[in-house]
Amino acid sequence: MSRVDEREAVIKLAEYLRKLAPYKIWYRTNYVLRSSEFFPTQPEIDLIICRIEKDEKFPPILAAEVKYVRSTKDGYINPSYYSGLDEALALLVLGFDNVLLIHLVEEKLLTTVFLNYAKTLSDIIRGLKLPIGYRVYALSVSDSDISFYRFVRSRTGSIVDLRSLWVEPPPNPLLTDNSDLGKLAKKNRKALARTLGIRLSSL
């Protein structure tokens, strides 16, 4: 299998999602929010998506932490099954309406090893009612081209619909919370919209 880095994989994923979206979307990949209004300062976001209509950008503003899971030369999994979980949760403070953790997993690795790990992570997010969503895609690379799959064949030969492991991202609970953390998230959301040129009903 040809090798690509995570940044390339995120760009290809954004293009793939744009084709599947039921409406026109605007997105940015590997984006650093360079604004002094933010706290924490200058976070790098793997993927930001919002709706676009008549050349205007509208909420919801979705952020995704994307991890490219592939095997090492020794055959070990790199990174761990919960990779990105902490970073996805941290994105909530930045005021995104919804947050996703996305795992892009080498197809062979997913079918032989990682499928049970993905199920465990999906169960953790559901069971603990974590306020983020989860998606896992099989990924294959050939001649520097990247393809994504929502169905894989398990070791027993059965077809697995990866969407059964997906968790829909709930609304960011901090945006309706009046604690200091909630106020920070709402302040960040306004700065986020101004920085990205996204139209909010009330700024």
Side-chain angles (χ1 to χ4, degrees), residues 6-7 9-18 20-68 79 82-104 121-122 124-137 165-203:
E6 189 169 270
R7 295 175 74 87
V10 171
I11 292 169
K12 289 290 187 179
L13 173 68
E15 294 170 357
Y16 171 78
L17 295 176
R18 180 175 54 79
L20 292 179
Y23 47 80
K24 191 174 180 181
I25 65 170
W26 171 93
Y27 65 83
R28 283 291 177 271
T29 61
N30 308 302
Y31 187 80
V32 178
L33 291 168
R34 301 186 188 280
S35 172
S36 59
E37 294 181 86
F38 288 103
F39 181 83
T41 57
Q42 295 194 9
E44 181 172 357
I45 316 299
D46 291 331
L47 179 60
I48 301 172
I49 295 175
C50 72
R51 180 172 57 92
I52 190 167
E53 187 176 321
K54 296 180 180 177
D55 296 324
E56 278 200 275
K57 299 173 221 160
F58 295 93
I61 314 169
L62 180 142
E65 176 65 28
V66 184
K67 293 298 182 187
Y68 179 16
Y82 52 82
S83 179
L85 183 59
D86 53 347
E87 293 162 291
L89 289 169
L91 290 175
L92 295 166
V93 180
L94 294 175
F96 289 99
D97 296 304
N98 309 95
V99 173
L100 271 172
L101 172 59
I102 300 176
H103 280 160
L104 309 177
L121 182 56
S122 176
I124 287 172
I125 293 170
R126 284 193 178 101
L128 295 179
K129 295 181 171 61
L130 299 180
I132 62 170
Y134 178 61
R135 288 193 185 183
V136 56
Y137 294 92
L165 304 179
W166 291 7
V167 181
E168 283 301 307
N172 183 346
L174 295 180
L175 297 178
T176 54
D177 185 60
N178 289 321
S179 67
D180 288 344
L181 192 58
K183 291 174 183 175
L184 176 61
K186 285 179 266 198
K187 177 176 176 286
N188 279 338
R189 184 174 186 262
K190 291 180 180 180
L192 183 69
R194 279 193 291 269
T195 302
L196 299 176
I198 296 172
R199 181 176 174 182
L200 298 182
S201 55
S202 59
L203 284 175

Results of side-chain hydrogen bond (donor to acceptor under 3.5 Å, both in side chains) for R18 - residues two or more places apart only: none
Results of salt bridge (charged side-chain N to carboxylate O under 4.0 Å, His left out) for E53 - residues two or more places apart only: R51
Residues that S179 engages under side-chain contact (heavy atoms from CB on, under 4.5 Å), provided they are two or more places apart: D177, L181
Residue pair L165 / S122: nearest heavy atoms and the distance that separates them: O-OG, 2.7 Å
Donor-acceptor under 3.5 Å (D46 side chain, V66 main chain): yes
Salt bridge (charged side-chain N to carboxylate O under 4.0 Å, His left out) partners of E15, counting only residues at least two apart: none
With sequence neighbours excluded, residues passing side-chain hydrogen bond (donor to acceptor under 3.5 Å, both in side chains) with K186: N178
Partner set under ring pair (Phe, Tyr, Trp, His ring centres under 6.0 Å) for W26, not counting sequence neighbours: none
Listed partners of Y31 passing ring pair (Phe, Tyr, Trp, His ring centres under 6.0 Å), at least two apart: none
Which donor-acceptor pairs under 3.5 Å do the side chains of residues 90-97 make with protein atoms, sequence neighbours left out?
{"residue": "D97", "atom": "OD1", "partner": "R189", "partner atom": "NE", "Å": "2.8"}
{"residue": "D97", "atom": "OD1", "partner": "R189", "partner atom": "NH2", "Å": "3.0"}
{"residue": "D97", "atom": "OD2", "partner": "I61", "partner atom": "N", "Å": "2.7"}
{"residue": "D97", "atom": "OD2", "partner": "R189", "partner atom": "NH2", "Å": "3.3"}

Residues in ring pair (Phe, Tyr, Trp, His ring centres under 6.0 Å) contact with Y137, at least two apart in sequence or another chain: Y16, W166
Exam field: side chain E6 to backbone Y68, donor-acceptor pair closer than 3.5 Å: yes
R126: partners by salt bridge (charged side-chain N to carboxylate O under 4.0 Å, His left out), with sequence neighbours left out: none
